[in-house]
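To keep things clear, I will list the structure first and then write my remarks on it.
Here the structure is a predicted model, which is why all the values come from computation and not from measurement.
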Amino acid sequence: MKTFVEGQFDIAVIGAGHAGCEAALWSARAGLKTAVLTLNLDSIAFMACNPSIGGTAKGHLVREIDALGGEMGVNADKTCLQMRMLNEGKGEAVRSLRCQCDKNAYHREMKRTLENTENLVIIQGEAKEILTDGGKVSGVLTTYGGILKAKAVIVATGVYLNAETVTGEVRQKSGPSGFAPATELTKSLINSGFNVRRFKTGTPARLDGRTVDFSKCLVQDGEEGLGAFSFLNREPAKNLRVCHLTYTNLTTHKIITDNLDRSPLYNGDIQSTGPRYCPSIETKVVRFADKQRHQIFLEPEGADTNEIYVQGMSSSMPHDVQRAMYESVEGLENCRIMRYAYAIEYDCIDTLDIYPTLEFKKIEGLYTAGQINGTSGYEEAAAQGLMAAINAVYKIQGKPPFILGRDEAYIGVLIDDLVTKGTEEPYRMMTSRAEYRINLRQDTADFRLTPKIADTPLYTPERQKSFTARKNFYEQAEEILNCKADRQKVKDFIDGNGISGNTAVTYADLIRRGATIESLRENFGILEGIPDGIVKTAEASVKYEGYLKKNAQQIEKAKKLEDKPIPADIDYDEIKGLRLEARERLKRVRPLTLGQAGRIYGVNPADVTVLIVWLATRK
């Protein structure tokens with residue numbers, strides 16, 4: 001095939017899903033000429049599974065993406081159908097926003113944003129080969145012979161690589177929701193030195209909402225007055241639709257168990273690894289055989305469609321079995337399935353092959369992001385796309401790598417887990433993965449991260465104004481809460497609220513004794529004119545001050561190891577005293593610091609001590 005130069009770019013992004021969109025937008029907005037190559041323009045930012053953004057830990061990621069100049073939060077706010085705060089009854093560290101989005105509007109808005117971004121070119125086509133020159137990436141070759149010359153390439157192919165959908169006895173070469181798969185690039189990745197493997201995910205059926213009896217289901221309303229995802233958006237989210245809750249039952253479970261021999265998950269047809277934390281309904285029924293029912297959420301796919309997403313009931317059962325099991329659920333007795341559920345298998349890489357910058361260890365300038373890195377979820381993908389773009393941009397500009405620590409962001413936890421520990425199943429972000437999660441609350445994401453982009457074009461006048469205003473309000477609230485309160489008013493307050501202690505206290509002391517910020521505002525008339533969101537952030541900082549100080553000490557101690565670099569050319573076979581397993585693991589991961597070395601599976605504290613001594617003697 002005759003080749004031709006389709007364009008000369010600084011950065012070429014392969015894929016325009018949630019990772020690819022963030023990567024392309026960040027690099028273009030940073031002033032670099034960028035191309036994004038997508039199999040189909042109609043699949044840009046397509047929500048192949050649940051049309052929602054956020055959720056437990058994922059909402060934290062969205063806020064962090066926004067704080068670093070990303071687009072996901074902005075787009076979710078634009079297309080919100082319903083906003084809720086998850087884990088409201090638990091501590092502030094684990095509370096997370098979740099937005100039910102309009103699926104089609106989300107795609108349209110993101111596509112419109114890409115189309116109208118300077119320095120950004122969108123091309124429909126399929127990547128065939130990663131081009132290199134002397135160990136460095138030089139561009140991308142398409143299946144039509146087009147060459148996109150580039151100084152850096154970001155591979156964000158999602159679940160499209162050699163994708164196959166599986167439903168009962170039927171296996172088809174297909175991407176999600178009937179889109180074409182990408183069949184050419186995997187061979188190039190293998191030839192480039194990547195270790196490629198197969199993962200699997202799935203999605204439930206979509207029902208015609210006109211055939212669902214919602215009167216038999218519990219209503220799940222949105223919450224009023226919640227903040228938006230984006231720190232640029234000062235308006236609270238609008239709730240335009242409701243969701244509903246119903247349950248499976250013993251009849252549903254019997255239909256499934258009676259047909260397990262026809263389930264690809266149990267008859268051996270699917271052998272790839274699926275997500276542990278988002279199992280199919282078949283897996284839930286088998287794994288939790290003692291449970292008599294499972295929650296099923298009925299969620300609207302958009303304002304312009306009757307389609308209802310059946311969260312909690314993903315499946316790869318044959319169509320006839322799906323009809324029987326869906327119709328056995330209360331409220332769904334007469335439901336009509338518009339799109340049947342399916343499982344999808346796809347190629348992805350071993351993330352031990354990449355650096356914390358998401359750059360491939362064997363080819364300079366080649367980055368990977370999103371589900372090709374073995375993750376699941378739109379939010380995890382978007383976070384990686386953004387980080388890959390920042391590092392690609394910085395590398396081209398001659399700046400140091402941009403790596404977030406585990407104490408700085410959930411994004412830091414996500415990437416460190418991937419490149420240090422790897423993943424044997426689709427990785428999902430959870431609050432329990434963050435050892436310093438009280439430091440990483442979703443409401444403080446901009447305070448933690450926005451200053452890090454202050455010297456980039458992403459720190460726009462609009463973002464600067466928003467950040468400065470929030471920071472000033474927060475400092476005002478902090479100063480007020482640390483002021484001494486009027487003793488007589490304090491006495492009357494504690495007598496009336498059953499709070500013990502003396503009266504020579506600050507407002508912060510009263511919070512630590514159990515007073516709520518609302519009661520202080522009502523009784524003392526403080527914090528007037530300061531936005532409610534900022535007041536709640538200040539309250540949380542006071543309540544958890546002791547934990548925050550303790551964490552700061554732990555973080556400082558950990559940094560003594562974290563900041564000590566390990567030479568890139570170290571020969572672990574020379575180091576006597578290292579256990580065989582530790583030596584093999586260290587050679588596989590090739591950690592950049594002692595801190596990272598200590599988090600590798602199979603490397604224990606004694607091995608790290610051996611490394612410390614060896615490095616000291618070689619200094």
Where is the tightest heavy-atom contact between V603 and R585, given as atom of each residue plus distance?
CG2-CB, 4.2 Å
Look at the rings of H18 and Y106 and say which category their plane angle falls in: under 30° parallel, 30 to 60° tilted, over 60° perpendicular.
tilted
Side chain R276, main chain R428, donor-acceptor under 3.5 Å
no
Taking only residues two or more places apart in sequence, or in another chain, which ones meet S188 in a side-chain contact (heavy atoms from CB on, under 4.5 Å)?
E129, I130, L185, S192
Check whether any side-chain heavy atom of V140 sits under 4.5 Å from a side-chain heavy atom of L131, and report yes or no.
no
For S314 and T203, what are the C-alpha separation, side-chain angles and deciding distance, and is it a side chain to side chain donor-acceptor pair (under 3.5 Å)?
CA-CA 5 Å; S314 66; T203 188; over 6 Å; no
Is it the case that more than 12 heavy atoms not belonging to E424 sit under 6.0 Å from its CD atom?
no
Roughly how far apart are Y342 OH and T201 OG1, rounded to 0.5 Å?
9.0 Å
Return the minimal non-hydrogen interatomic distance between F229 and A76, and the atom names on each side.
CD1-CB, 3.9 Å
Could K33 and F9 be counted as a cation-pi pair, given that NZ or CZ must be under 6.0 Å from the ring centre and within 45° of the axis?
yes
How far apart are the closest heavy atoms of N75 and M110, and which atoms are they?
OD1-N, 3.5 Å
Can you confirm whether K151 is buried at NZ, in the sense that more than 12 heavy atoms of other residues, nucleotides or ligands lie under 6.0 Å from that atom?
no
When rounded to the nearest 0.5 Å, the distance separating NZ of K58 from CD of E379 is 4.5 Å
Going by distance alone, is a donor N or O of one side chain under 3.5 Å from an acceptor N or O of the other, for S174 and T165?
no
Would one find more than 12 heavy atoms of other residues, nucleotides or ligands at under 6.0 Å from atom NZ of K149?
no
Using side-chain heavy atoms (C-beta onward) and a distance below 4.5 Å, is F199 in contact with C348?
yes
Does any donor atom in the side chain of T186 or D347 lie under 3.5 Å from an acceptor atom in the other side chain?
yes
Is a side-chain N or O of E22 found less than 3.5 angstrom from the main chain of E71, in a donor-acceptor match?
yes
Do side-chain atoms of H60 reach the backbone of A93 as a donor and acceptor pair under 3.5 angstrom?
yes
Pair listing, side chain to side chain donor-acceptor pair (under 3.5 Å) test, anchored in residues 113-126, at least two apart
K111-E115
With side chain to side chain donor-acceptor pair (under 3.5 Å) as the criterion, how do D77 and S230 come out once you've worked through the C-alpha distance, each side chain's angles and the decisive distance to 0.1 Å?
CA-CA 7 Å; D77 290 341; S230 177; 4.7 Å; no
Between T142 and E6: side-chain donor-acceptor atoms closer than 3.5 Å
no
Is the count of non-hydrogen atoms from other residues, nucleotides or ligands lying under 6.0 Å from Y601 atom OH greater than 12?
no
Give a yes/no verdict on a cation-pi contact between R470 and F231, requiring under 6.0 Å between NZ or CZ and the six-membered ring centre and an angle within 45° of the axis.
no
In terms of the angle between their ring planes, are Y394 and W26 parallel, tilted or perpendicular, with boundaries placed at 30° and 60°?
perpendicular
Scan side-chain atoms only and decide if T420 and Q596 contain a donor-acceptor pair under the 3.5 Å cut-off.
yes
Evaluation steps, side chain to side chain donor-acceptor pair (under 3.5 Å), between E359 and N391:
CA-CA 8 Å; E359 185 179 25; N391 277 295; over 6 Å; no
Could you pull out the closest heavy-atom pair between D443 and R63, with the gap in Å?
CA-NH1, 3.8 Å
Steps toward salt bridge (charged side-chain N to carboxylate O under 4.0 Å, His left out) verdict (E584, K587):
CA-CA 5 Å; E584 293 303 315; K587 287 163 65 175; 3.7 Å; yes
Just how far is it from atom CG of D102 to atom CZ of R108, taken to the nearest 0.5 Å?
6.0 Å
Under the criterion side chain to side chain donor-acceptor pair (under 3.5 Å), which of D350, D353, T351 is the partner of N195?
D353
Is there a donor-acceptor contact under 3.5 Å from the side chain of S27 to the main chain of A23?
yes
Over all heavy atoms of both residues, which pair between P204 and Y309 is shortest? Give the atoms and the distance, please.
CD-OH, 3.3 Å
After noting the C-alpha distance and the side-chain angles of T273 and E425, does the key distance pass the side chain to side chain donor-acceptor pair (under 3.5 Å) rule?
CA-CA 6 Å; T273 307; E425 61 190 26; over 6 Å; no
If only atom types and distance count, is the side chain of S43 paired as donor or acceptor with the main-chain N or O of N40 below 3.5 Å?
yes
Would you compute the distance between atom OG1 of T375 and atom CG of L414 and round it to the nearest 0.5 angstrom?
7.0 Å
Compute the ring centroids of Y367 and F360, then answer whether they are less than 6.0 Å apart.
no
Would you verify whether the NZ or CZ of R433 falls within 45 degrees of the ring axis of Y427 while also being under 6.0 Å from that six-membered ring's centre?
yes
Is it the case that the side chain of R599 and the backbone of G595 share a donor-acceptor pair, with hydrogens and angles ignored and the cut-off at 3.5 Å?
yes
Assert yes or no for the condition that the ring centre distance of F46 to H107 is strictly below 6.0 Å.
no
Please determine whether salt bridge (charged side-chain N to carboxylate O under 4.0 Å, His left out) holds for the pair R112 and E109, giving the CA-CA distance in whole Å, both sets of side-chain angles, and the decisive distance to 0.1 Å.
CA-CA 5 Å; R112 183 181 294 116; E109 286 297 324; 2.6 Å; yes
State whether the side chain of S272 and the backbone N or O of E345 hold a donor-acceptor pair below 3.5 Å, judged by distance alone.
no
Check for me whether R406 meets the cation-pi criterion with Y436, that is, NZ or CZ under 6.0 Å from the six-membered ring centre and within 45 degrees of the ring axis.
no
Using distance alone, with no hydrogens and no angle criterion, decide if T593 and E562 have a side-chain donor and acceptor under 3.5 Å apart.
yes
